[in-house]
Protein chains: 2
Amino acid sequence: MKDNNDMPGHLARRFQQIAVAVFLAEVGDAGFDLTPVQYAALATIKANPGLDQVTLAGLIAYDRTTITGVIDRLVQKGLAERRASSRDRRARELEITDEGRRTLRKITPAVESAQRIMLRGLSAKEGEDLMRLLHKAIAAGNELSRAPLREVQA
Amino acid sequence: MKDNNDMPGHLARRFQQIAVAVFLAEVGDAGFDLTPVQYAALATIKANPGLDQVTLAGLIAYDRTTITGVIDRLVQKGLAERRASSRDRRARELEITDEGRRTLRKITPAVESAQRIMLRGLSAKEGEDLMRLLHKAIAAGNELSRAPLREVQA
DNA sequence: GGATATTGCTCAGTATGCTGACTATCAGTA
DNA sequence: TACTGATAGTCAGCATACTGAGCAATATCC
């Protein structure tokens, strides 16, 4: 019988599990309380001021029902703001706060350190290969999850 | 600013997200209601009859608090049994049921199909490379998560 | 043998992720 | 303008994962 550990799905789960643990440890040691998911959302809000929740979800491939709670927590921590859109009364425009900007800036070294640690078993070339292969597999499977990645339309 | 999509942590999350979606779709189409996590647990119980929950958790790198619920659901579906150990009254010995065995056998094609689909963007060699690199990164990071992989001691 | 430490398991609480349903709103069309 | 369909967001419910705490039982050490 094939070992679980030889299945890509199982390896995916395990790598993700380690990645999250490393991220939380590094960021926690730096004195911040922010999850990988919250970090990605906050960084994307900063890079795309005023975007709505669906667009944000598409940019980081989160489900729209997941993003609601993530933003709730960012708002609750004072890192982001959610306000009604004037163009479309269904939509909420998202903005990063000064506090959010400060947090992002100060947290960056820990985030970068985490990315290095989760690849620490690999050489530089192997790390690049892994990222390239993951990218390729993800691109091919993008439409297979309920929350595919969506580019911003011009 | 570095794009989220260039961070190994983000790629890990996305690949895992797709892997789970593909698994559920293939297994669901085959007429079964089993998650990737439940499948791995059930297959590991079958391969190691009578093992206790902590050992099971170690073999598939699940947290001990997570495994409780997973087993609850396997038992509830009639696929596994949990009974008190005679050697150690704290421990629960796990066994697969006939129904569980039948399910595992019938579900295998769908599981294998899912593994192929999640790598469909890659050539055979690229797929092997990805698995090898994931393996290596995971081995180096094994102790960094709360739920590391543990071999069975002889 | 008895105190102490460790271990197996469970539980409460929190954070992703998903399915499916629902409301409010907008867009296109007859 | 009224109808229809699509879209933005939320909610309830379920399944991982984790933190931290606790209980019961076993192991270890003096």
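Only heavy atoms go into these numbers, but all of them, side chains included; no hydrogens, no water, no symmetry mates. The chains referred to below are lettered A, B, ... by the order of the sequence lines, with proteins before strands, and numbering in each begins at 1.
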- [ ] Please lay out, stage by stage, how R150(B) and E143(B) fare under the test salt bridge (charged side-chain N to carboxylate O under 4.0 Å, His left out).
- [x] CA-CA 10 Å; R150(B) 298 284 179 224; E143(B) 300 304 323; 3.1 Å; yes
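- Atom P of nucleotide dA8(D) and atom CD1 of I71(A) are separated by 13 Å, given to the nearest angstrom.
- Heavy-atom nearest nucleotides on DNA chain C were determined for A61(A) and for S86(A), and the one closer to the 5' end corresponds to A61(A).
- Under the side-chain hydrogen bond (donor to acceptor under 3.5 Å, both in side chains) criterion, no residue pair touches residues 27-37 of chain B, with sequence neighbours excluded.
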- [ ] For V20(B) and R13(A), run side-chain contact (heavy atoms from CB on, under 4.5 Å): C-alpha distance rounded to whole Å, both residues' side-chain angles, the deciding distance at 0.1 Å, then the answer.
- [x] CA-CA 9 Å; V20(B) 171; R13(A) 177 190 153 281; over 6 Å; no
List the atom pairs, donor and acceptor, that lie under 3.5 Å between side-chain atoms in residues 131-138 of chain A and the rest of the protein, sequence neighbours left out.
| from | atom 1 | to | atom 2 | distance (Å) |
| --- | --- | --- | --- | --- |
| K136(A) | NZ | E126(B) | OE1 | 3.1 |
| K136(A) | NZ | E126(B) | OE2 | 2.9 |

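- With salt bridges taken as basic N to acidic carboxylate O contacts below 4.0 Å, one links D72(A) and R82(A).
- With a heavy-atom cut-off of 4.0 Å to chain B, the contacted part of DNA chain C has its first and last nucleotide at dT7(C) to dC18(C).
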TODO: List the steps, then state whether side chain to side chain donor-acceptor pair (under 3.5 Å) holds for E26(A) with S113(A).
DONE: CA-CA 7 Å; E26(A) 288 300 299; S113(A) 163; 2.7 Å; yes
Open item on the list: So if I define the base as every atom that isn't primed, P, OP1 or OP2, how would nucleotides 9-17 of chain D read as a B/S/- string at a heavy-atom cutoff under 4.0 Å?
Closed with: BBB---SSB
If you look only at distance, which donor and acceptor atoms sit under 3.5 Å apart when one is on a side chain in residues 100-109 of chain B and the other is two or more places apart or in another chain?
| from | atom 1 | to | atom 2 | distance (Å) |
| --- | --- | --- | --- | --- |
| R102(B) | NH2 | E99(B) | OE1 | 2.8 |
| T103(B) | OG1 | E99(B) | O | 2.9 |
| T108(B) | OG1 | L104(B) | O | 2.7 |

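- With sequence neighbours excluded, the residues satisfying salt bridge (Lys or Arg N to Asp or Glu O under 4.0 Å) with E93(B) are R87(B).
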